[in-house]
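Position 1 is the first residue of the sequence, and the numbers go up from there. These numbers were taken from a predicted model, which means no experiment stands behind them.
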Amino acid sequence: DNIEKDHWRDQTYREIAKTLASEGRYDDAISFIDKVGNPDTKAMTIRGIGMAAAEHGISADDYNTLFQALHSKAAGIEHPPSHAIARTYIAMAQAFANDDNGAWKTAGSMDNDALRNKAYGETAEIQAERGKYEQAMQSIKQINSESFKNKAFSITSKIFADDGHYDHALGAAE
């Protein structure tokens, strides 16, 4: 609280929140979101908490509670682009946590076409990294822009190929 420069203080709060989430102290981590003043850093704090939690393998109910809390904090971000980015980050964290339905619901609820398409594309990439072809293709099918869709197919194809999933890579490329 005694750091004078707003930017440094916000970054410190973000890193504390991420550290607390890494320790499984989600409620404590979430309490730091309100301390962050910059809306972009607030969105990054939400991302850090969600991604740290996704690595823990907690129960579906606990993930649901956590993601609801992150959605609530994202809703409080008044800067529209930062608000949308925070929701994209939540969708990504949900995909990392194997909550594909939650990720699709989060992405689908976004009003901005470009950011919604980006959220679906990011979700597809994460699903491809998990080796989940059907889920990645389902994410891409929800993209309503040919250019975003083609980019997502290209990226997921490369991810599958790099991981030795050549049939999946070919399917995404086709």
Lys151 to Phe148, cation-pi by 6.0 Å centre distance and 45° axis angle:
no

Any chance you could pull the hydrophobic cluster mates of Ile155, using side-chain heavy atoms under 4.5 angstrom and chaining through other members?
Ile159

Contacts of Asp113 meeting salt bridge (Lys or Arg N to Asp or Glu O under 4.0 Å) (sequence neighbours excluded), chain-then-number -> Arg116

Distance alone, cut at 3.5 Å: any donor-acceptor contact between the side chains of Thr106 and Gln94?
yes

Contacts of type ring pair (Phe, Tyr, Trp, His ring centres under 6.0 Å), residue His168, not counting sequence neighbours:
Tyr133, Phe160, His165

Excluding sequence neighbours, so at least two apart, what forms salt bridge (Lys or Arg N to Asp or Glu O under 4.0 Å) with Asp61?
none

Taking atom types as modelled, is there a side-chain donor on Ser139 or Trp104 under 3.5 Å from an acceptor on the other?
yes

On a heavy-atom basis, the closest approach of Tyr120 and Ile143 is CB-CG1, 3.6 Å

Between Asp163 and Gly131 (side chain of the first, backbone of the second, donor and acceptor by atom type, cut-off under 3.5 Å), is there such a pair?
no

Taking salt bridge (Lys or Arg N to Asp or Glu O under 4.0 Å) as the test, write out the residues that go with Arg25, two or more places apart.
Glu23, Asp28

Under the side chain to side chain donor-acceptor pair (under 3.5 Å) test, residues paired with Tyr26 that sit two or more places apart:
His56

Going by side chain to side chain donor-acceptor pair (under 3.5 Å), name the pairs with one or both residues in residues 73-85, residues two or more places apart or in two chains.
Asp34-Lys73, Asp40-Ser82, His79-Ser82, His83-Arg87

Step-by-step side-chain contact (heavy atoms from CB on, under 4.5 Å) determination, His71 to Ile90:
CA-CA 7 Å; His71 273 287; Ile90 294 169; 3.5 Å; yes

Listed partners of Asp10 passing salt bridge (Lys or Arg N to Asp or Glu O under 4.0 Å), at least two apart:
none

Between Asp100 and the options Lys132, Arg130, Lys105, the salt bridge (Lys or Arg N to Asp or Glu O under 4.0 Å) test singles out Arg130

Under a side-chain separation threshold of 4.5 Å, the hydrophobic residues clustered together with Trp8 are Ile3

Across all chains, not counting sequence neighbours, the side chain to side chain contact (heavy atoms under 4.5 Å, CB included) partners of Ser147 are Ser145

Output all residues satisfying side chain to side chain contact (heavy atoms under 4.5 Å, CB included) with Asp111, sequence neighbours left out; order by chain, then residue number.
none

Assess the residue pair Asp1 and Lys35 against the criterion (side-chain contact (heavy atoms from CB on, under 4.5 Å)); give the C-alpha distance rounded to whole Å, side-chain angles, the decisive distance to 0.1 Å, and a yes or no.
CA-CA 9 Å; Asp1 292 338; Lys35 292 178 178 262; 3.8 Å; yes

What pairs with Asp6 under side chain to side chain contact (heavy atoms under 4.5 Å, CB included), at least two apart in sequence or on another chain?
Arg9

